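Worksheet: the structure to be examined is printed underneath.
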Amino acid sequence: IRIASQMPPGRRAEKPSLPETAPPSFMSTFSILRKGSVDATCGLIITLLSVVDVALLLVLSLSQTVASLFKGVTRSSSDLLLSRPSVVVVGGSFSGLWAQRALSDSYDVTLVDFKDYFEYTPGVLRLFVQPSWLSRLSGPLPRRRNKLVVGEVVAVHPTEIALRTADGEEAQIPFDYLLLGCGSSYAAAPVKASPREPDLPSRRRSWEEAAARLARASSVLIAGGGPVAVELAAEVLDAYPSVSVTLVTSGTSLCSGLPAAVGEATARWLELRGAALHYSSRVESVRPDSVTLVGGQVLSADIVYPCMGAPPASAPLEGSLASQLDERRRLRLTPQLQPAEQNGSPASGWSRVFGMGDVASLPAGELQLGHTAELNAHVAAENMRRSAAGRPLEEYPRGAVGCERSPRVFCVSLGPHDGVVAFNGLVLSGAVAAVTKRILEWTKVAACAERPVGVAFWKFGDAASAWLSMTVLPPPPPAPHEPKVGPALRRRPKHNVGDVLKWLE
Ligand SMILES: Cc1cc2nc3c(=O)[nH]c(=O)nc-3n(C[C@H](O)[C@H](O)[C@H](O)COP(=O)(O)OP(=O)(O)OC[C@H]3O[C@@H](n4cnc5c(N)ncnc54)[C@H](O)[C@@H]3O)c2cc1C
């Protein structure tokens, strides 16, 4: 790191800085053993899951063949003529694909995305150092039980969406119901795909270019101190131990939105490998090779990665839903996840539209995570069904998890063989987190491709996490800095057996 003017207060550990009591030979042997055991454990679990997947596929295809023969005999011609409500789902990622899986058997579902593949965002930081890993993190978007339209949504109206295809053609898709899961973007390219990467070959090229650029760098500066900044710093240090890595954050700790133990464990890991951590340093502007702090200090590096949050991808909503966007341009929602006015009342004319995931501003003020996006989708899809059947709608998050606060589940990886995993207040670090993250990654990619083992794993995982959260491991109370409690949370939290039974039912 070249420092153009005076450094802000910060810390820089000597590099390398392994514990003095441990001779390097012992440490390196231990580290090799640990890496080997993480890889072997993951390999074994993934092989077992693959075998179960093949077995489930065989059973399912057999039962489907039998069922279709049976249906062919019993279904009357009037059944075949019944038209099903059309549902458009925008966004082929966590929230959109959850909704697509839940609704495709009963409705005429059209999935719309500007790319034709799913990419597992929580794993993409590895691609900066190992672009070939993309094949493990991605897969084609499903089209077996639904239609798939590849195009960028440019406008949303109460009964149709307008989109532009990669060839520049414009089209409209009418709908009975719309589920908006268009998510967020990210300043550090190419973390989130853009419409210029509509297929996997173009996306692979972007990652190869990003990896080649990093491979040439001798210093890296990461603006931000959240989980993404930490994970990126860890990937760089793990792959290129001699590269100088600096993190600049306005906070007084890393990962300040998560339990304090996560920030402490990740800071220790990074400092041990020589990262320079600068706290209480507010960034004013970011350039490709420098960052200017409030107060005028300029820090330079070969590459600067801005990791200071994920702004919502709400551009298509700016026309017709502009007054329903909050000050951060997220879509305001009612507890039933329909577009809301500033005072929280449902926006008139938009009752057949539901929002979910990173594009939404949730009344509960929860963390914008993949898991949260899926819980939103759970309630949005259920409310779409209820609306079509004329039944009362459910509130978020009770409709998804059976109580007033959803579980906080996340995993911060520290390179491929280490990390921190947390469930509500419980925090575990080390190899167990690395194995967990790899298994979550594999099963989520499988679930998004509608492979039975992935779908079953996450059905069981979601049910188990909701049950644990309602009983033995409730989520911590909201932090003082979190937004005011919304309508969905006003009732007193209840964690009792009745809730669990009602939710299971
Ligand atoms: C680097 C990184 C690491 C993360 N790690 C974790 C983690 O470990 N655990 C965790 O739970 N969360 C993690 N998150 C957060 C998580 O990835 C997001 O919360 C989650 O992806 C949100 O899902 P979503 O469905 O709302 O939208 P997104 O994942 O943002 O997907 C939106 C989809 O909509 C499509 N789209 C957007 N605009 C349009 C348009 N106009 N027209 C057509 N299609 C459009 C996009 O192509 C995309 O497929 C991480 C995020 C980042 C950036």
Side-chain angles (χ1 to χ4, degrees), residues 88-100 111-128 137-138 141 148-156 161-166 173 179-198 203 222 224 226-232 235 255 258 262 305-318 330-331 355-360 362 366-377 380 406-413 419-422 433 436-438 440-441 444 448:
V88 169
V89 178
V90 178
S93 186
F94 286 86
S95 58
L97 291 180
W98 205 103
Q100 169 270 327
L111 179 65
V112 183
D113 201 303
F114 55 62
K115 54 185 180 45
D116 64 5
Y117 54 92
F118 166 73
E119 184 180 76
Y120 181 75
T121 304
V124 296
L125 299 172
R126 173 120 344 122
L127 304 179
F128 277 106
L137 296 182
S138 57
L141 285 176
L148 173 66
V149 173
V150 180
E152 181 184 4
V153 176
V154 289
V156 171
I161 56 166
L163 58 91
R164 195 173 33 229
T165 64
I173 306 182
L179 276 71
L180 282 169
C182 42
S184 53
S185 56
Y186 211 80
V191 166
K192 287 264 179 147
S194 76
R196 289 183 303 282
E197 297 153 306
R203 186 66 175 148
I222 298 171
V228 175
V230 166
E231 287 193 348
L232 179 54
E235 291 293 345
C255 303
L258 306 180
V262 179
Y305 295 108
C307 298
M308 296 180 292
S314 53
L317 317 182
E318 286 289 351
R330 294 189 197 275
L331 180 62
M356 51 196 186
D358 281 8
V359 78
L362 293 170
E366 297 181 341
L367 298 174
Q368 302 272 2
L369 291 172
H371 185 245
T372 316
E374 293 192 331
L375 293 180
N376 294 172
S406 58
R408 291 187 156 204
V409 194
F410 51 84
C411 189
V412 181
S413 59
V420 184
V421 63
T436 307
K437 181 119 183 175
R438 205 106 50 99
L440 296 184
E441 181 177 290
K444 183 54 74 186
C448 288

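Note that the structure is a prediction, hence the values are computed from the model and not measured. Numbering of ligands and ligand atoms starts at 1, following listing order.
Not a single heavy atom of A193 sits closer than 4.0 Å to an atom of ligand 1. Taking a 4.0 Å cut-off on heavy atoms, F114 registers as neighbouring ligand 1. At a 4.0 Å cut-off, at least one heavy atom of G181 sits close enough to ligand 1 to count as contact.
Looking at every heavy atom in both residues, D358 comes nearest to P312 through O-CB, 4.1 Å. When all heavy atoms of A99 and M356 are compared, the closest pair comes out as CB-CE, 4.1 Å. Nearest heavy atoms, P306 versus A187: CG-CB, 3.9 Å. Taking each heavy atom of L111 and G92 in turn, the nearest pair found is CD1-CA, 4.1 Å. Across C411 and A433, no two heavy atoms sit closer than the pair SG-O, 3.6 Å. Across E197 and P190, no two heavy atoms sit closer than the pair OE2-CB, 4.3 Å.
A distance of 11.0 Å separates CD1 of I222 from CD of E231, quoted to the nearest 0.5 Å. Rounded to the nearest 0.5 Å, atoms CD (E152) and CZ (R164) are 5.0 Å apart. In this structure, L163 CG and I173 CD1 are separated by 4.5 Å, a value rounded to the nearest 0.5 Å.
When non-hydrogen atoms are compared, ligand 1 lies under 4.0 Å from the backbone of P122 as well as from its side chain. Neither the backbone nor the side chain of E119 has any atom closer than 4.0 Å to an atom of ligand 1 (non-hydrogen atoms only). Of the heavy atoms in P195, none comes closer than 4.0 Å to ligand 1. Contacts with ligand 1 closer than 4.0 Å are made by no heavy atom of V409, backbone or side chain. By the criterion of a heavy-atom distance under 4.0 Å, both the backbone and the side chain of F94 are placed next to ligand 1. With a heavy-atom cut-off of 4.0 Å, A373 touches ligand 1 through its side chain alone. Contacts between D358 and ligand 1 below 4.0 angstrom, taking non-hydrogen atoms only, involve backbone and side chain alike.
Side-chain contact between C307 and Y186 is present, with heavy atoms from C-beta onward closer than 4.5 Å. Using a 4.5 Å heavy-atom threshold, the side chains of E119 and R203 count as touching. At a threshold of 4.5 Å between non-hydrogen side-chain atoms, the residues E366 and S406 count as touching. Using a 4.5 Å heavy-atom threshold, the side chains of K437 and P122 count as touching. Using a 4.5 Å heavy-atom threshold, the side chains of L125 and V191 count as touching. Contact check for S93 versus F118: side-chain heavy atoms found under the 4.5 Å cut-off. Inter-residue side-chain proximity for H371 and L440 is flagged as unmet; no heavy-atom pair is nearer than 4.5 Å. In this structure, the side chains of Y120 and K444 come closer than 4.5 Å at one or more pairs of heavy atoms.
The protein heavy-atom contact nearest to atom 35 (C) of ligand 1 is D113 OD2, 3.3 Å. In this structure, atom 34 (O) of ligand 1 lies nearest to the protein heavy atom G91 CA, 3.2 Å. Protein heavy atom at the shortest distance from atom 24 (P) of ligand 1 is S95 OG, 3.7 Å. Of the protein's non-hydrogen atoms, T121 CG2, 3.6 Å is the one closest to atom 53 (C) of ligand 1. Of the protein's non-hydrogen atoms, the one nearest atom 27 (O) of ligand 1 is G183 CA, 3.2 Å. In terms of protein heavy-atom proximity, atom 12 (N) of ligand 1 is closest to G370 N, 3.1 Å. Of the protein's non-hydrogen atoms, S93 CB, 3.0 Å is the one closest to atom 31 (O) of ligand 1. With hydrogens left out, the protein atom closest to atom 37 (C) of ligand 1 is C182 O, 3.0 Å, a heavy atom.
In this structure, of L111, V89, V228, L163, the residue bringing a heavy atom nearest to atom 2 (C) of ligand 1 is V228.
Residue V153 places at least one N or O, backbone or side chain, under 3.5 Å from an N or O of ligand 1. Considering backbone and side-chain N/O atoms, Y186 never comes within less than 3.5 Å of an N/O atom of ligand 1. Checking only distances, K437 does come within under 3.5 Å of ligand 1, N or O to N or O. Close N/O approach between E152 and ligand 1 is not found [any backbone or side-chain N/O within under 3.5 Å]. Considering backbone and side-chain N/O of V90, none are found under 3.5 Å from N/O of ligand 1.
For ligand 1, the atoms sitting less than 4.0 Å from at least one non-hydrogen atom of Q368 are 15 (C), 19 (O), numbered in the order shown with element in parentheses. Distances below 4.0 Å separate heavy atoms of H371 from the following atoms of ligand 1: 11 (O). Atoms of ligand 1 found under 4.0 Å from any heavy atom of S184, numbered from 1 in the order shown, are 30 (O). Residue C411 has at least one heavy-atom neighbour below 4.0 Å for each of these atoms of ligand 1: 8 (O). The contact set between ligand 1 and P316, taken as ligand atoms under 4.0 Å from a residue heavy atom, comprises 41 (N).
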